[in-house]
Peer 1: 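Attaching a single structure in structure tokens format; questions to follow.
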Amino acid sequence: MKLATFNINGIKARIQALSDWLDEAQPDVAVLQEIKSVDEAFPRELFEEKGYQVETHGQKSFNGVAILSKLPLEDIRRGLPGDDGDEQARWIEATVVGEKNALRICGLYLPNGNPVELDEAGRPVEGGKYAYKLAWMERLKTRAEELLATEEPSVMLGDYNIIPQAQDAANPKKWEGDALYRPESRAAWQRIVNLGFTEIFRTRHAAPGHYTFWDYQAGAWQKNDGIRIDHMLMSPQCADLVEDCGIDAGIRGREKPSDHVPLWAEIAL
DNA sequence: ATGACAATTTTTAATTGA
């Protein structure tokens, strides 16, 4: 089964580009981020006609995540646990039932975190966006520990808004001080990976120059001034099932593209 | 140092994103 993640930057503006990509790439399961739509306004029929079950966790104007699946879904949950006061729609999970294996998939849209606000002691200012990002990552780590404890195949995939290493940016210097690349952000990411997850893309593509995001501004795509911020973190039981993975970078050059492109993996379910 | 670009709502300006 082919699993993919794609930050579409608005479902309304991306209906054509998303439909074309689904027809070509034929993912069995796709998690989407930044649908920027409430559940009622999501054009679910367009995707149901293609054979997908559609599950959304939407929000007005911003954020919003979804799962499209041609395979049966069980135990769908919405929202990242750990803060009942968090109104932002950034997490949706479900179990995909395959012929031999079942896979817990968690679609996520991790907070951007900019602007970075620090106090005199260098601590993130409470209530600020950077503090929200780091707190969200702590909650993610807690959920990640639970997933590993099941000792079953699971994957957390989506827009992490994290540049893990210098080779994941065309111009890493430019990102110093940015919430996507600051030491606290990367350390929080590494603590999650260190629990025992496999970031699957780098296991199969060691070379630099692979990106999933190019800014709309300043001709970033034309200059290949990109960053790799969309990822899949897999439990050992999931990573063992992976047969291939890649990035569909080409669609960034099409008409009316998202600023992100899809990341996919072929998994033996 | 600044703005560039896109999507959405707050719509002819402001907010958010990365």
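Numbers restart at 1 for each chain; the letters A, B, ... are given by sequence-line order, proteins then strands.
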Peer 1: Work out which heavy atom in Asp248(A) is nearest to a heavy atom in Trp21(A); give both atom names and the distance.
Peer 2: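 Looks like OD2-NE1, 2.8 Å.
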Peer 1: Between Glu138(A) and Arg191(A), does any NZ, NE, NH1 or NH2 come within less than 4.0 Å of an OD or OE carboxylate oxygen?
Peer 2: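 Salt bridge: yes.
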Peer 1: Applying side chain to side chain donor-acceptor pair (under 3.5 Å), which residue pairs with at least one partner in residues 69-78 of chain A are found, sequence neighbours left out?
Peer 2: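 As it turns out, the side chain to side chain donor-acceptor pair (under 3.5 Å) pairs with a partner in residues 69-78 of chain A, which skip direct neighbours, are Gln26(A)-Lys70(A), Glu55(A)-Arg78(A), Asp75(A)-Arg77(A).
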Peer 1: Could you give the distance separating dT10(B) and dC5(B) at their P atoms, to the nearest angstrom?
Peer 2: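 One P to the other, the span is 26 Å.
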Peer 1: For each nucleotide in nucleotides 9-18 of chain B, reading 5' to 3', give B when a protein heavy atom comes within less than 4.0 Å of its base, S when such contact involves only the sugar-phosphate, and - otherwise.
Peer 2: SB-----SSB
Peer 1: Mapping Ala218(A) and Ala13(A) to their closest nucleotides on DNA chain B, which lands nearer the 5' end?
Peer 2: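 So the residue in question is Ala218(A).
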Peer 1: Trp214(A) and Arg252(A): which non-hydrogen atoms are nearest, and at how many Å?
Peer 2: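 Minimum heavy-atom contact is O-NH2, 2.8 Å.
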Peer 1: Thinking salt bridges, do Arg104(A) and Glu93(A) make one under a 4.0 Å N-O criterion?
Peer 2: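 Between Glu93(A) and Arg104(A) there is a salt bridge, with a charged N closer than 4.0 Å to a carboxylate O.
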Peer 1: OP1 or OP2 of dA6(B) less than 4.0 angstrom from a side-chain nitrogen or oxygen of Arg14(A), does that happen here?
Peer 2: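 Arg14(A) to dA6(B) OP1/OP2: no side-chain N or O under 4.0 Å.
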Peer 1: Would you measure the distance from the C1' atom in dA7(B) across to the matching atom in dT12(B) and give it in whole Å?
Peer 2: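 Approximately 16 Å lies between the C1' atom of dA7(B) and that of dT12(B).
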Peer 1: Using whole Å, report how far NZ of Lys223(A) lies from C1' of dC5(B).
Peer 2: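 Taking atom C1' of dC5(B) as the reference, NZ of Lys223(A) is at 13 Å.
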Peer 1: Say you pick atom P in dT2(B) and the same atom in dT11(B); how far apart are they, in whole Å?
Peer 2: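 Taking atom P in both dT2(B) and dT11(B), they lie 28 Å apart.
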Peer 1: Between dT8(B) atom C1' and Ile11(A) atom CD1, what is the distance in whole Å?
Peer 2: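 Between C1' of dT8(B) and CD1 of Ile11(A): 14 Å.
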Peer 1: Can you sort out the partners of Trp91(A) under ring-ring contact (aromatic ring centres under 6.0 Å, His included), two or more places apart, ordered by chain and number?
Peer 2: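 Listed in chain order: nothing, the list is empty.
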Peer 1: For dA14(B) and dA1(B), measure between their P atoms and round to the nearest Å.
Peer 2: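 Between the two P atoms, the distance is 25 Å.
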